[in-house]
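Numbered from 1 within each chain, the chains take letters A, B, ... in sequence-line order.
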Number of protein chains: 2
Amino acid sequence: MLKQTQKRSIETRAKLLRVATEAIAANGHGALRVEEVVKNAGVAKGTFFAHFKDKDALMELIIGAQIDEYLDAAEEPGCAKNVDELVSRMRPLMDFMTRERYIFDVIVRHSGAAVKEELGPIAQTFERTIEIVAGWIAAGDFRKDVSEVLLAEGVQAFAVQAMALHFCAINNQEEMHLRFKSYLDAWLNPALAS
Amino acid sequence: MLKQTQKRSIETRAKLLRVATEAIAANGHGALRVEEVVKNAGVAKGTFFAHFKDKDALMELIIGAQIDEYLDAAEEPGCAKNVDELVSRMRPLMDFMTRERYIFDVIVRHSGAAVKEELGPIAQTFERTIEIVAGWIAAGDFRKDVSEVLLAEGVQAFAVQAMALHFCAINNQEEMHLRFKSYLDAWLNPALAS
DNA sequence: TACAATAATTGACCGTGGTCATAATTATTA
DNA sequence: TAATAATTATGACCACGGTCAATTATTGTA
């Protein structure tokens, strides 16, 4: 029996990922070109697609890893106990997601699972976000008449909404977070919202 | 002074739109090819892009018109007085939006305005949806502690969320609408949700 | 009607993501 | 070590959206 994947392959894949990550760090996500990646990695174009289904699959990996870093940071300081804390805890992640239109599009495109038990990297971060936020909601000063998971899903829906509206020229960064807060006040503490 | 746009141009544009609409009716939105449109319209490729900024701009027009038809139908029977009615009133529109992944992607991409006072066709339908839903909420049996516009925006956020999750193979059409209803129960009638 | 000015159209050309038959490399077996 | 099988890499090629300098059609003016 052959080894399923040989060392050479693992190295090639790692090199592609490294080169792509560097290019993104230098020029942003939207400017990434497959041809540039393979040239700098010293492999043929076809090799790229032997390792990643398409360009989006690579972006998913990289963006998914970046989101995970932001979630680590958001989780770090313990529970967010109220709406204000929740908003500010989510802020760096939302700023990242809206840094480039291209990033947001990729994220939205991959926020749902493709097949059961086959969550892509970005869909995984969405599940993780639900878990984290649901944990905060369960422990904090929030309404208790609805399950914390449903509430967490709502938080995510409002985050996406606020980010989508952010891409109007009229709406700036600050406005995005204010809008997010208005939603959450009404969603997470309906009794106080009046 | 010259006429700004000549009759010839208007006819060409109309022909392109007609041909594209027919092709979509036959093969779906995602299968539309610019080359096919210009061939069937009997014009050169460049002509297409003289009339539409890009392929997306054409899709925006066509999908925007389709959404408007669904909104007409949703508005027709008067106000939706409770969550169940609201869900079933939105149902045909949401089914259309999720008929093809491609359609949903185009819609999400264009749901926000590009520039103030420059709402694209799809962004306009989103504004119209807010107005319609806000009207229902103001007149119907819904919470009154938050403005109806904020509530309507939330309804839209939940609709998008439910549709995005729909594109998992695990979730079917029915589940999408059930999920939508759960969100709205908690959003529009927090007192009853317990 | 001739001429100038503007609008509309053309199609060769390009950028870029993605494919696939073939070649090269690596591992297994005899 | 030679023969064989499986894995990996190659790069010419294609599909398709989009560009633009050049050409043609239309309209206003002398």
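- For the pair A/Phe126 and A/His110, the minimum side-chain heavy-atom distance is 4.5 Å or more.
- Counting to the nearest Å, the P atom of C/dT25 and the CD atom of A/Glu11 are 15 Å from each other.
- At a threshold of 4.0 Å, the pair B/Glu60-B/Lys53 does not count as salt-bridged, since none of the basic side-chain nitrogens sits closer than that to a carboxylate oxygen.
- Between B/Asp56 atom CG and D/dG18 atom P the separation is 7 Å, expressed in whole Å.
- With a 4.5 Å cut-off on side-chain heavy atoms, A/Val34 and A/Leu58 do not count as touching.
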Strictly under 4.0 angstrom, non-hydrogen atoms only: write out the protein contact profile of nucleotides 11-16 of chain D, one letter per nucleotide from the 5' end, B, S or -. B----S

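- Atoms CD1 (A/Ile10) and P (C/dA27) sit 11 Å apart, rounded to a whole Å.
- Side-chain contact between B/Arg33 and B/Lys55 is present, with at least one heavy-atom pair separated by less than 4.5 Å.
- D/dG18 atom C1' lies 9 Å from atom CG of B/Asp54, rounded to whole Å.
- Side-chain N/O atoms of A/Thr12 include one lying less than 4.0 angstrom from OP1 or OP2 on D/dA9.
- Looking at B/Arg109 and A/Asp105, no side-chain N of the basic residue comes within less than 4.0 Å of a carboxylate O on the acidic one, giving no salt bridge.
- A/Phe180 places a side-chain heavy atom less than 4.5 Å from the side chain of A/Met90.
- Look at B/His51 and you won't find any side-chain N or O under 4.0 angstrom from OP1 or OP2 of C/dA8.
- Side chain of A/Arg18 to main chain of A/Ala41: no donor-acceptor pair is present (N/O by atom type, distance under 3.5 Å, no hydrogens or angles).
- Taking 4.0 angstrom as the limit, A/Ser9 places none of its side-chain polar atoms (N or O) nearer than this to OP1 or OP2 of D/dT7.
- Distance CD (B/Gln6) to C1' (C/dT6): 8 Å, rounded to an integer number of Å.
- The CZ-P distance, from A/Arg13 to D/dT8, rounds to 12 Å in whole Å.
- Rounded to an integer number of Å, the gap from B/Lys53 NZ to D/dG17 C1' is 12 Å.
- Rounded to an integer number of Å, the gap from CZ of B/Arg8 to C1' of D/dT27 is 11 Å.
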